[in-house]
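Structure, as structure tokens:
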Amino acid sequence: MLTSSQFENLVSGRTRGFGPGALRLLLRLTAVPYAAAVHLRNRRFDTGKSQIHHLPVPVISVGNLTLGGTGKTPMVQWIARWFQQHGVQPMIISRGYRANSGSVNDEALELQHNLPDVPHLQNPDRVAAARTAVNDYNSQVLILDDAFQHRRIARDLDIVLLDASAPFGFGYLFPRGMLREPVHQLRRAGMIVLSRADMAAPDDRASIRQTALHHAPQAGWAEVCHAPRELLSASRSTQSLETLRDQPVALFCGIGNPAAFRNTVLACGCRVVAMREFPDHHHYGPSDLQSLCQWADTLDVAAVLCTHKDLVKLDTDRLGDQPLWAVSIQLEFLAGSEQLQARLQALLPT
């Protein structure tokens, strides 16, 4: 099975040769039935044949157009805090993708750590979860996490994140590319946010904006970056990022965009000497922990680094003899903060 990075290198065309070229052709053929299914599903919602459920409170969706991580969780956190600062209690609703039976997934664990006073319901039936939030919790606003393609709940604002490194999925639907649905479906968006915008040149950012707003001329536009803030341990201790500047480090992660994590660490001035990738939302079992400890002990590094989503599942301060830290990040707006806040302001109770 290909890792996330290997799959991205394949569909982007960075992996060259006859074999990869033939595989891309096969994947393009395989994408045809997927495209047909996506088209039929969207058409059913567009024509009213599939029911859309309306709720008595404002609903905001945070989602993306492509596979992989685009920074939805930091955006959800930012929106939840914004509503709290304006005296409104939000509720986060998500599917709970790859959650173990009877527990929550890594995104919920991260949100619990960062937003302990914001309730979060996970349920594959998000309509049922939303009704529970309104009827049993008296929630004043609902934030749907990873819900752009989940159209069963009507929303007052659709926020779509585009990752600056691959905003349009290399031009193809999955599995030939990384698009979940065609780019023209951006027409449903009320706000488009370019994430990791600091990793793209100004001309590239302008080109992405032009393409996105061509499909969604009514949408607002914002640009954000995921700024590394500090090092965080499982026991909640913190350390300055400067302590690892120019130091050798090892990385591992189980997220949708491991290349972005590596770039973040490099931007902190660390020297990455080794990296391991796991599947997105990977459940770290005892064998994984043992393997990571053995791997870490073979390396001459100052620390092993992972993402917050990985750390909350491992709950350990060390891997073998090496210290383990998560790189804590925070969302920072480079442009468009006023546009997003104006749209949120319109949803506040009068």
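Just so it is clear, the values below take in all heavy atoms, side chains as well, and ignore hydrogens, waters and symmetry mates. Being a predicted model, the structure only gives us computed values, none of them experimental.
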Interatomic distance, OG@S328 vs CZ@R229, rounded to 0.5 Å, equals 3.5 Å
Just to verify, what does R126 make a salt bridge (charged side-chain N to carboxylate O under 4.0 Å, His left out) with, not counting sequence neighbours? none
Donor-acceptor list for residues 36-48 side chains, cut-off 3.5 Å, not counting sequence neighbours:
from : atom 1 : to   : atom 2 : distance (Å)
R41  : NH1    : Q149 : O      : 2.8
R41  : NH2    : Q149 : O      : 3.1
N42  : OD1    : R151 : NH1    : 3.0
N42  : ND2    : E181 : OE1    : 3.0
R44  : NE     : S50  : OG     : 3.1
R44  : NH2    : K49  : O      : 3.3
D46  : OD1    : R151 : NH1    : 3.2
D46  : OD1    : R151 : NH2    : 2.8
T47  : OG1    : R43  : O      : 2.8
T47  : OG1    : R44  : O      : 3.4

Pair K313 + D288: basic N to acidic O under 4.0 Å: no
Hydrophobic clusters here meaning ILVMFWY residues chained together by side-chain heavy-atom distances under 4.5 Å, can you tell me if V160 and M75 are in one? no
Are F252 and V301 grouped together when hydrophobic residues (ILVMFWY) are joined by side-chain heavy atoms under 4.5 angstrom apart? yes
Counting neighbours of CG on D300 that are heavy atoms of other residues, nucleotides or ligands and sit closer than 6.0 Å, is the number greater than 12? no
Looking at side-chain heavy atoms only, is the closest gap between Q122 and L111 below 4.5 Å? no
Supply the atom-to-atom distance H113 NE2 to Q77 CD, rounded to the nearest 0.5 angstrom. 10.5 Å
Spacing of D297 atom CG and L292 atom CG [to the nearest 0.5 Å]: 11.0 Å
Can you list everything that forms a salt bridge (charged side-chain N to carboxylate O under 4.0 Å, His left out) with R24? Sequence neighbours excluded, please. none
Above 12 or not: heavy atoms from other molecules or residues under 6.0 Å from CD of Q210? no
Quick one: pull up CG in L311 and SG in C306 and give me the separation to the nearest 0.5 Å. 5.0 Å
Just by distance, with hydrogens left out, do T15 and N9 show a side-chain donor and acceptor under 3.5 Å apart? no
Hey, are the side chains of V59 and L347 touching, using non-hydrogen atoms and a 4.5 Å cut-off? no
Please list, chain by chain and in numerical order, all residues satisfying ring pair (Phe, Tyr, Trp, His ring centres under 6.0 Å) with H214, sequence neighbours excluded. none
Going by side-chain contact (heavy atoms from CB on, under 4.5 Å), name the residues that satisfy it together with Q341, two or more places apart in sequence or in a different chain. W78, W82, S337
For the residue pair S207 / D204, report whether a side-chain donor-acceptor contact shorter than 3.5 Å exists. no
Do the non-hydrogen side-chain atoms of N123 and R95 ever get within less than 4.5 Å of each other? no
For residues 63-80, which residue pairs qualify under salt bridge (charged side-chain N to carboxylate O under 4.0 Å, His left out), counting only residues two or more places apart or in two chains? none
Validation row: D317, P323 side chains within 4.5 angstrom (heavy atoms): no
M91 and V118: same hydrophobic cluster, using ILVMFWY side-chain contacts below 4.5 Å? no
Taking only residues at least two apart or on different chains, which pairs with a member in residues 162-172 satisfy salt bridge (charged side-chain N to carboxylate O under 4.0 Å, His left out)? D163-R196
For S5 and R262, which I'm curious about, is there any donor-acceptor pair between the side chains at under 3.5 Å? no
Quick check on the hydrophobic clustering: are M191 and L162 connected, directly or via other members, by side-chain heavy-atom contacts under 4.5 Å? no
Flag side-chain contact, heavy atom, 4.5 Å: L299 against W295: yes
Any side-chain heavy atom of I60 within less than 4.5 Å of one from L344? yes
With sequence neighbours excluded, tell me which residues meet ring pair (Phe, Tyr, Trp, His ring centres under 6.0 Å) with F83. none
Within this structure, what is the OG1-CZ distance for the pair T66 and F168, rounded to the nearest 0.5 Å? 10.0 Å
Does V88 share a hydrophobic cluster with I79, counting links as ILVMFWY side-chain heavy atoms below 4.5 Å and allowing steps through other members? yes
Report the hydrophobic cluster partners of V265, with the cluster defined as I, L, V, M, F, W, Y residues connected by side-chain heavy atoms closer than 4.5 angstrom, directly or transitively. L231, L241, L244, V249, L251, I255, F261, L266, V272, M275, L305, W325, V327, I329
With sequence neighbours left out, which residue pairs that include part of residues 209-221 fulfil the salt bridge (charged side-chain N to carboxylate O under 4.0 Å, His left out) condition? none
What pairs with H53 under ring pair (Phe, Tyr, Trp, His ring centres under 6.0 Å), at least two apart in sequence or on another chain? none
To the nearest 0.5 Å, tell me how far I208 CD1 sits from I192 CD1. 11.5 Å
Side chain proximity check, S291 to R276, heavy atoms < 4.5 angstrom: yes
Please list, chain by chain and in numerical order, all residues satisfying ring pair (Phe, Tyr, Trp, His ring centres under 6.0 Å) with H215, sequence neighbours excluded. none
